[in-house]
Amino acid sequence: MPELPDVEQFRTFFHAHATGRTVRSVEADPTIVRNTDPAALDRALRGRRFEDPDRHGKWLIGWTDGPALLLHFGMTGDLVWSGEDPHRHRHDRLILAFEDGNELRYRNMRKLGGVWLAHDREEVAQVIGALGPDALSIGRSEFGERLARRRGGVKAALMDQTFVAGVGNILADEILWQARLHPRRRIETLDEAERATLYTVVRRVLREAVRSYDYVGRKRSWLTHVRGIPGGTCPRCGTSLQRATAAGRTTYFCPRCQAADPAVGSGP
DNA sequence: TCGCTTGTTGATGG
DNA sequence: GCCATCAACAAGCG
C-alpha cells in the first residue's frame, strides 16, 4: 500500500495517537530493527514523549524529546491503534506501549522496510540518506532543474527516490497516464510543454491522492481504478490497457493516449 | 511449484 | 559517471 499519500495518512495517524504520549516500553521483532536491537531501542525510547512527526517521501520520522524513531513501510506496512484494534496480530513487528495503557503498532507482513533509531538530526539525515525533495512540496523550478540534469526513462526517474521522494510504481503509472507520456519515453526527448505538464500532473496527482483517502480504486476517472484488472480499459478513451515492463516494474498504460513517439498521433 | 506483488539496495554490464 | 537490469530480501496468494 504505502506510497507518499499512504505515509502521509500514517503521519496523521501517528500524530493523533503517539504525539504527546509517553513510552512505557517498546517490543520489537529483531529482524525489523535495522540499525540497533530491540533492547537498545526500548532503552532509548522508554520514558520519552513523542512530538510532532514528520514525513519525507515514504519515510515517517517520529521525533521524541530524545531520539527519533524512523519508520519505513516497505510494500505491506501499516499502523494500528489498540483503541481500534485491541488484539495484537502476528505481523505486528513493533509495539509502542504508552503509559496510559494504549499501544501503537507497526504491522508489516513482508519484512521489507523496517524501523531505525536516530539519536539526532544528523543521524536522521544519515539514515534517510540522499532522498530528493518531497514530491508533494517540490517547486516547479526545482523540478525543472532536476529534470534537465537527468537522462533515461521518465518512469525510472519518477520512482527514483533520490530524484524526487515519494512516488512508487502505482502513482508513477498514474502520473504518466494523466500526463499522456509513454512510460519508456526518455527524458531528453521531452519538450518544454511536456516537462511543464509533467510537473503539473505530479503535483495534482499527489495532492489529490493525499486529500482523497483510499485513492486506489475509488477515483473512477483515474488509471488506478482499473490498473491491473484483466481486460481493463483506459478511463479516458476506452482503449485496452497495455502491460509492459519499465524501470524493472510492471507497468500499465494506454497505447493510444500515451504514444511512444510524440510525433505520432496521440489521439484527439 | 511457480509467478506475482504499491519498496530498496547492491552487483553487474553497456 | 550515468543508466538499465537483475537478484535478493520476505511472505502470502492463486
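Side chains included, hydrogens not; waters and symmetry mates left out as well; all remaining heavy atoms used. Throughout, a chain's letter reflects where its sequence line sits, starting with A, and its residues are numbered from 1.
Side-chain proximity of A:R186 to B:dT6, B:dG7, C:dA4: nearest is C:dA4. The side chain of A:M109 sits closest to C:dA11 out of B:dT8, C:dA11, B:dT5. Picking from B:dC4, B:dT6, B:dT8 the nucleotide with the shortest atom distance to the side chain of A:I170 gives B:dT6.
Rounded to a whole Å, the CZ atom of A:F10 is 13 Å from the C1' atom of B:dG7. A:H89 places its NE2 atom 12 Å from the C1' atom of C:dA11, with the value rounded to the nearest Å. Note: CE (A:M75) to C1' (C:dA8) measures 12 Å, nearest angstrom. For A:R151 and B:dG14, the CZ to C1' distance is 17 Å, given to the nearest whole Å. Remark: P of B:dT9 and CG of A:L131 are 8 Å apart, rounded to the nearest angstrom. Separating the CG atom of A:L71 from the P atom of B:dT8 is a distance of 14 Å, rounded to the nearest angstrom. Summarising the geometry, the separation between CG on A:L112 and P on B:dT6 is reported as 12 Å, rounded to the nearest angstrom. Here B:dT9 presents its P atom at 19 Å from NZ of A:K111, a figure rounded to the nearest Å.
Nucleotides B:dG3 and C:dC6, compared at atom P, are 14 Å apart to the nearest Å.
Within 3.5 Å, a donor on the side chain of A:R110 pairs with an acceptor on the base of B:dT5, or the reverse.
Side-chain contact check for A:R46 versus A:R24: every heavy-atom pair is 4.5 Å or farther apart.
The nearest heavy atom of DNA chain C to A:R150 and to A:T245 marks one nucleotide each, and the one closer to the 5' end goes with A:R150.
Taking the ring centre of A:F163 as origin, the terminal cationic atom of A:R150 falls inside the region bounded by 6.0 Å and 45° from the ring axis.
At a cut-off of 3.5 Å, with distance as the only test, no side-chain donor of A:T200 or A:R204 sits close to an acceptor on the other residue. A donor and an acceptor atom, one from each side chain of A:K155 and A:T251, are located under 3.5 Å apart. Looking at A:Q178 and A:E174, their side chains do bring a donor and an acceptor atom within 3.5 Å of each other.
Taking 4.0 angstrom as the limit, A:K58 places a side-chain polar atom (N or O) nearer than this to OP1 or OP2 of B:dT8. Phosphate contact (OP1/OP2 of C:dG12, side-chain N/O of A:H91, threshold under 4.0 Å): present. The side chain of A:Q161 places no N or O atom within less than 4.0 Å of a non-bridging phosphate oxygen (OP1 or OP2) of B:dG7.
Cluster membership check: A:V226 does not share its hydrophobic cluster with A:L176, using side-chain heavy-atom separations under 4.5 Å among Ile, Leu, Val, Met, Phe, Trp and Tyr.
In this entry B:dT12 has C:dA4 as its Watson-Crick or G-U wobble partner, both defining distances falling under 3.5 Å.
Heavy atoms of A:G168 sit under 4.0 angstrom from primed sugar atoms or phosphate atoms, though from no base atom. Among the protein residues, A:R90 comes within range of the sugar-phosphate backbone only, with heavy atoms under 4.0 Å from sugar or phosphate atoms but none that close to a base. Backbone-only contact: A:T250 has heavy atoms under 4.0 Å from sugar-phosphate atoms and none from a base.
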